[in-house]
Amino acid sequence: MASAILPLSSPSRPLRNDLKANWKRGTSNRTFLRKDYTKAKQSFTRTRMTLAVEVSRFNDITMAPPDPILGVSEAFKADTHEMKLNLGVGAYRTEDLQPYVLNVVKKAEKLMLERGENKEYLPIEGLAAFNKATAELLFGANNAVILQQRVATAQGLSGTGSLRLAAALIERYFPGSKVLISSPTWGNHKNIFNDARVPWSEYRYYDPKTVGLDFDGMISDIKAAPDGSFVLLHGCAHNPTGIDPTPGQWEKIADVIQEKKHIPFFDVAYQGFASGSLDADASSVRLFAARGMELLIAQSYSKNLGLYAERIGAINVVCSSSDVAERVKSQLKRLARPMYSNPPVHGARIVANVVGNSDLFDEWKEEMQMMAGRIKNVRKKLYDSLSAKDSSGKDWSFVLKQIGMFSFTGLNKAQSENMTNKWHVYMTKDGRISLAGLSSAKCEYLADAIIDSYHNVS
Ligand code: PLA
């Protein structure tokens, strides 16, 4: 490693002379005493000690690549073109393409302020009222798993932090067990399991030929995995494809997982945001729970309550008995304590207030339908524009069939780069666009960009 001693071995000569002259003269603007000179000299000696080390102990650290999703927003900010569009990160925007804070969130915060709640630490497992509300929202309050107290719930740092906590649990208590993830999946899944040192492999999911689900491939890959693997499933609105199994297919997936003694692991990041209904979007999870299976479910309130930066979510582990659930919860706490000690309180209180107050809860459902509805509208408008403008006869109907906030356009890397470089449309390089960042006014422009990139770039 390169090292260098900087030439500052003592006060520089002109400064040294200056100090001495001042001391001899005894008079200057301020009286300069011998002790001042000694102090200055000592301070320079200290500087020398500090600087006389290698250039940097971190010199061998290379530059990390920008994040494939969050890095897109950074590039977008730097662009000054008036038609620029940020369709990278999945964050809801209004028709004016502004961030949106839900009215129910503002009302809940007002209530919280009026009550003058304190800022004490939460317990390691989080806010009790939140944990109760979140599990009930997921399973339904009268679900057997809730009534029999078979769910270990811990508040997590949104969806990502909750997945990470579950990954730590797998690493500690199922060492060597594999997690099966869909191909493709949300990019951060691989990072999460890599960092937790949990081995993973992919199962087939997306079929580019049909622009639909490769159901047979998915089933045979889940069958081929070692017994007792974890199978990561997107509860609804699969990211990035927007393609979900049908209810009948979910039953078959559950059959195979049961046969193989696998453990289902759901990532529920879009409950209520996909269809506009909280219950409909939780039906996959409830189907598995109704079979009496043990399963893991990570939840996020980033999208459905717009609480992106509050980092509020949960990890739920459904166990075969309340006794096991209690032990699992104690271990989740043990894993969380050295990682972040205890979770933040603000978002947890918002969720608990919204879910726990019937008026706010109803209003939330309306706002969620409004957000889901706006996305459905731009999806339809984009499809209409693509169909009207493209004379090649290409079938764009997949755009309409996909659900949730994304559309998986099928554009390859070079075509996606053309979208950004030529059209100022920022998106991930896998061809995914977030329709939550699109306005009706920009649908035609986006259609032009997609048609150009699809037909003129290979
Ligand atoms: N799981 C899935 C499937 C997701 O799409 C996301 C977010 C998360 C979990 C985690 O979100 P959270 O930690 O904020 O709760 N995916 C976003 C944002 C919306 C991101 O990449 O962080 C996306 O653009 O894909």
Side-chain angles (χ1 to χ4, degrees), residues 70 73 89 91-92 98-138 141 146 149 151-169 188 192 195 268-269 271-273 278 297-317 325-326 328-365 367-368:
L70 300 184
S73 301
V89 68
Y92 184 81
Q98 294 306 309
Y100 178 63
V101 181
L102 276 74
N103 289 325
V104 283
V105 168
K106 290 183 190 156
K107 287 185 183 174
E109 284 179 323
K110 191 162 171 274
L111 281 174
M112 287 154 57
L113 208 63
E114 281 164 9
R115 280 193 212 123
E117 285 160 324
N118 64 41
K119 302 286 183 191
E120 292 287 292
Y121 287 132
L122 281 182
I124 303 170
E125 74 269 31
L127 187 73
F130 166 80
N131 286 348
K132 182 175 184 297
T134 199
E136 290 182 359
L137 203 71
L138 183 61
I146 302 265
Q149 298 180 317
V151 193
T153 302
Q155 185 185 327
L157 305 183
S158 209
T160 307
S162 305
L163 289 162
R164 183 65 180 77
L165 197 55
L169 185 80
N188 213 20
I192 289 169
D195 278 10
V268 178
Q271 191 183 352
F273 208 79
L278 284 162
I297 312 101
Q299 290 173 281
S300 163
Y301 289 91
S302 291
K303 271 68 70 170
N304 55 11
L305 252 180
L307 295 178
Y308 307 91
E310 296 296 352
R311 312 310 296 145
I312 177 66
I315 181 70
N316 302 269
V317 187
E326 213 172 311
V328 168
K329 188 163 173 170
S330 74
Q331 293 298 341
L332 287 172
K333 288 164 64 175
R334 189 185 189 184
L335 288 162
R337 172 69 167 142
M339 278 205 253
Y340 55 85
S341 194
N342 49 72
V345 74
H346 192 72
R349 283 200 186 119
I350 294 173
V351 176
N353 275 294
V354 170
V355 179
N357 173 316
S358 62
D359 287 345
L360 290 186
F361 191 49
D362 290 343
E363 210 177 315
W364 178 32
K365 289 191 217 159
E367 283 193 275
M368 212 148 36

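This is a predicted model, so every value here is computed, not measured.
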Can you see which heavy atom on P123 is nearest to which on N342, and at what distance?
-> O-CB, 3.8 Å

Intermediate values then yes/no, side chain to side chain contact (heavy atoms under 4.5 Å, CB included), V345 and E120 | CA-CA 9 Å; V345 74; E120 292 287 292; over 6 Å; no

Indicate yes or no for a side-chain donor-acceptor contact from Q299 to the backbone of I315 under 3.5 Å, with no hydrogens or angles considered.
-> no

Please list, one pair per line, the donor and acceptor atoms closer than 3.5 Å that link side chains of residues 330-340 to other protein atoms, with sequence neighbours excluded.
| residue | atom | partner | partner atom | Å |
| --- | --- | --- | --- | --- |
| S330 | OG | R327 | O | 2.6 |
| Q331 | OE1 | Y173 | OH | 2.6 |
| Q331 | OE1 | R334 | NH1 | 3.2 |
| Q331 | NE2 | Y173 | OH | 3.4 |
| R337 | NH1 | S341 | OG | 2.5 |

Does any donor atom in the side chain of R115 or N353 lie under 3.5 Å from an acceptor atom in the other side chain?
-> yes

How far apart are the C-alpha atoms of L157 and L165, what are their side-chain angles, what is the distance that settles it, and do they pass the side chain to side chain contact (heavy atoms under 4.5 Å, CB included) test?
-> CA-CA 9 Å; L157 305 183; L165 197 55; over 6 Å; no

Mind listing the closest non-hydrogen atom pair of A141 and I146 along with its distance?
-> O-CG2, 3.8 Å

Would you say S158's side chain and T160's backbone share a donor-acceptor pair under 3.5 angstrom?
-> no

Taking side chain as C-beta onward, heavy atoms only, is L163 less than 4.5 Å from N188?
-> no

Taken to the nearest 0.5 Å, the spacing of I312 CD1 from L127 CG works out to 8.0 Å

Does a sphere of radius 6.0 Å around CD in E117 hold more than 12 heavy atoms from other residues, nucleotides or ligands, not counting ones at 6.0 Å or beyond?
-> yes

Stepwise side chain to side chain contact (heavy atoms under 4.5 Å, CB included) check, M368 with L278 = CA-CA 9 Å; M368 212 148 36; L278 284 162; 3.6 Å; yes

If you round to the nearest 0.5 Å, how far is CD1 of I350 from NZ of K106?
-> 12.0 Å

Fit a plane to each ring of F130 and Y301, take the angle between them on a 0 to 90° scale, and name the class: parallel (under 30°), tilted (30 to 60°) or perpendicular (over 60°).
-> perpendicular

L122 vs P343 side-chain heavy atoms within contact, under 4.5 Å | yes

Between the main-chain N or O of A298 and the side-chain N or O of S162, is there a donor-acceptor pair closer than 3.5 Å?
-> no

Measuring from L111:CG to L360:CG, what's the distance to the nearest 0.5 Å?
-> 6.5 Å

Residues that E363 engages under side-chain hydrogen bond (donor to acceptor under 3.5 Å, both in side chains), provided they are two or more places apart = K107

Step by step, would you call Y92 with L102 a side chain to side chain contact (heavy atoms under 4.5 Å, CB included)?
-> CA-CA 11 Å; Y92 184 81; L102 276 74; over 6 Å; no

Are the side chains of H346 and L307 in touch, meaning some heavy atoms are under 4.5 Å apart?
-> no

Please check if the side chain of Q271 supplies one atom and the backbone of N304 the other of a donor-acceptor pair under 3.5 Å.
-> no

Got S302 and R311 here, is their nearest side-chain heavy-atom distance under 4.5 Å?
-> yes

Under 3.5 Å side-chain donor-acceptor pair for Q155 and N131 | no

Should L305 and V351 count as side-chain neighbours, where that means a heavy-atom distance under 4.5 Å?
-> yes

